[in-house]
2 protein chains.
Amino acid sequence: MNLQLRYAGVMKDDAPIRRSPVSLAECNLSRSFELIGDRWTLLILRSAQHGLRRFDDFQADLDIPRTVLSARLASLVETGIMDKRAYREVGQRARVEYPLTKMGRALALPFMAMTQWGDKYLGGKKLPLTLRSRTTGGKISVAYVDEKGRAVDMTDIEIVIDPAARRRAAKKRKPRTSA
Amino acid sequence: MNLQLRYAGVMKDDAPIRRSPVSLAECNLSRSFELIGDRWTLLILRSAQHGLRRFDDFQADLDIPRTVLSARLASLVETGIMDKRAYREVGQRARVEYPLTKMGRALALPFMAMTQWGDKYLGGKKLPLTLRSRTTGGKISVAYVDEKGRAVDMTDIEIVIDPAARRRAAKKRKPRTSA
DNA sequence: TCAGCAAAGTCCATAAAATGGATTCAGCAG
DNA sequence: CTGCTGAATCCATTTTATGGACTTTGCTGA
């Protein structure tokens with residue numbers, strides 16, 4: 001976890017890179033950030049990963065303004081990360097809950113990778129939350145693996161950019177001072 | 001990648017969870033989000049992962065307001081994710097650049113996990129950016145692994161919460177209507 | 001020598017969001 | 001009918017973002 005990932009075929013490593021090789025519009029990382037990349041959305045999703053599903057539970061768990069929560073849940077439903085459905089407890093009227101969809105549950109992996117990063121660089125000695133194997137009890141972590149499911153070292157990895165996705169000519173830069 | 005991760009020892013899975021088991025203050029995931037969890041910071045870090053280091057390069061790459069970029073870079077330096085240092089090109093005066101620190105470069109793993117998620121749920125057929133092994137040329141991905149570096153299936157994983165980190169009594173909820 | 005330029009900012013007025021408190025709405029219990 | 005509760009919405013205030021112009025520094029080429 002020491003080296004920066006490097007591009008395939010790049011030799012001179014000291015010449016600075018001036019532009020991202022993939023445009024924002026085509027980059028699935030920035031597209032992800034567009035959907036979930038703000039503080040409250042991320043925190044809502046964290047609570048949701050823990051199993052929370054109800055409006056007031058999110059509100060109390062995070063102490064989030066109700067207007068913001070309302071807006072964020074709506075957009076998470078719209079993007080397919082959460083579902084909106086009725087539930088009914090015994091002797092209660094029907095209410096609404098927001099469970100994660102499969103798409104939303106799949107965020108567990110990036111979130112765990114992020115947690116691992118926080119554990120290493122922000123945490124103290126104790127790790128509040130860890131993963132372990134049900135069968136062996138051994139510690140589980142997130143890592144790069146090859147096709148056979150073997151962990152690989154970062155030094156053996158290179159980034160490949162699809163030529164078709166390479167940043168295009170760049171819509172003409174607007175000059176710094178216009179008037 | 002189908003099931004939600006489950007807590008160790010939890011049997012009744014249908015009773016809704018009402019609170020996150022780890023408080024925001026102690027959760028290394030929410031601490032991470034506090035540092036990097038806003039749209040512009042995430043995008044700056046994406047560009048930085050691609051190798052960008054200079055103020056105007058970030059500005060042009062992302063079309064980010066200069067004030068915001070200035071503020072974000074300062075806080076990334078303060079938290080130790082980026083470094084601030086002088087560089088000098090031949091025949092130019094000394095200028096400033098913002099390379100990622102080791103801590104910042106380590107964000108590559110969560111970012112790749114996030115990219116993978118985007119590839120699956122947001123992307124089209126084509127993947128603009130992929131990882132491969134330098135030695136075998138095989139595809140590299142991000143996954144859960146055990147201590148021996150073997151990929152493990154999600155169904156075999158359970159979440160363990162350190163009892164010491166369990167959410168404490170919860171500072172008394174303020175009533176809904178005060179006056 | 002000095003005008004021009006480029007990188008790395010700051011300043012400022014306007015626009016957009018977040019915040020937090022009160023209010024609304026629906027339907028079950030008593 | 002009244003109270004209560006979960007799920008919102010409304011509104012005034014504060015905070016933050018936005019985008020354009022302006023500033024600073026020290027090089028280069030004329």
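Any value given below was found using the heavy atoms of this structure, including those in side chains, with hydrogens, waters and symmetry copies removed. Order of the sequence lines fixes the chain letters, A, B, ..., with proteins taken first and strands second; residue numbering starts at 1 for each chain. Because the structure is a prediction, the values reported are computed rather than measured.
Residue A/D57 contributes atom CG, which lies 12 Å from atom C1' of D/dA7 at whole-angstrom precision. Atom C1' of nucleotide D/dT5 and atom CZ of A/F55 are separated by 13 Å, given to the nearest angstrom. Whole-Å rounding puts the B/Q59 CD to D/dG19 P distance at 10 Å. Rounded to an integer number of Å, the gap from B/L69 CG to D/dG19 P is 14 Å. Following rounding to the nearest Å, A/L62 (CG) and C/dT19 (C1') show an atom-to-atom distance of 15 Å. When rounded to the nearest whole Å, the span between CD of A/E97 and C1' of D/dA8 equals 16 Å. Rounded to whole angstrom, the span from the CG atom of B/D56 across to the P atom of D/dT23 amounts to 18 Å. We find that CD of B/E89 is positioned 15 Å from C1' of D/dG26, with the value rounded to whole Å.
For the residue pair B/D156 and A/S133, a side-chain donor N or O sits within less than 3.5 Å of a side-chain acceptor on the partner.
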Quick test: give all pairs of protein nitrogen or oxygen and nucleotides 14-18 of chain D nitrogen or oxygen below 3.5 Å, distance rounded to 0.1 Å.
residue	atom	partner	partner atom	Å
D/dA17	OP1	B/R72	NH2	2.5
D/dT18	OP2	B/W40	NE1	2.5

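Residue B/S70 places at least one side-chain N or O under 4.0 Å from the OP1 or OP2 atom of C/dT10. Contact between the side-chain N/O atoms of B/Y98 and the OP1/OP2 oxygens of C/dA7 is not found at any separation under 4.0 Å.
Put simply, B/F58 and B/L100 are part of the same group of oily side chains (I, L, V, M, F, W, Y) that touch within less than 4.5 Å, one to the next. B/I17 and B/V160 fall into different hydrophobic clusters, where Ile, Leu, Val, Met, Phe, Trp and Tyr are joined by side-chain heavy atoms under 4.5 Å apart, directly or via other members.
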After noting the C-alpha distance and the side-chain angles of B/R105 and B/K102, does the key distance pass the side chain to side chain contact (heavy atoms under 4.5 Å, CB included) rule?
CA-CA 5 Å; B/R105 291 193 298 276; B/K102 189 177 162 192; 3.9 Å; yes
Let me see the working for A/D57 and B/R18 under salt bridge (Lys or Arg N to Asp or Glu O under 4.0 Å), right down to the final yes or no.
CA-CA 6 Å; A/D57 288 350; B/R18 312 295 304 267; 2.5 Å; yes
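Sorted by first and then second residue, the ring pair (Phe, Tyr, Trp, His ring centres under 6.0 Å) pairs with a member in residues 70-91 of chain B form an empty list; sequence neighbours excluded. Residue pairs that meet the ring pair (Phe, Tyr, Trp, His ring centres under 6.0 Å) test with at least one member in residues 21-46 of chain A, sequence neighbours left out, are A/F33-B/F111.
Here A/Y87 lies in heavy-atom contact (under 4.0 Å) with sugar-phosphate atoms only.
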Nucleotide by nucleotide, nucleotides 25-30 of chain C touches protein heavy atoms under 4.0 Å in the pattern (B base, S sugar-phosphate only, - none) -BSSS-
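Listed by chain and residue number, A/V77, A/V96, A/Y98 satisfy the side chain to side chain contact (heavy atoms under 4.5 Å, CB included) test with A/K84 (two or more places apart in sequence, or in another chain). For A/E97, the salt bridge (charged side-chain N to carboxylate O under 4.0 Å, His left out) test picks out A/R53, A/R85, with sequence neighbours left out.
If you check C/dA8, C/dA22, D/dG6 against the side chain of A/R66, the one that comes closest is C/dA22.
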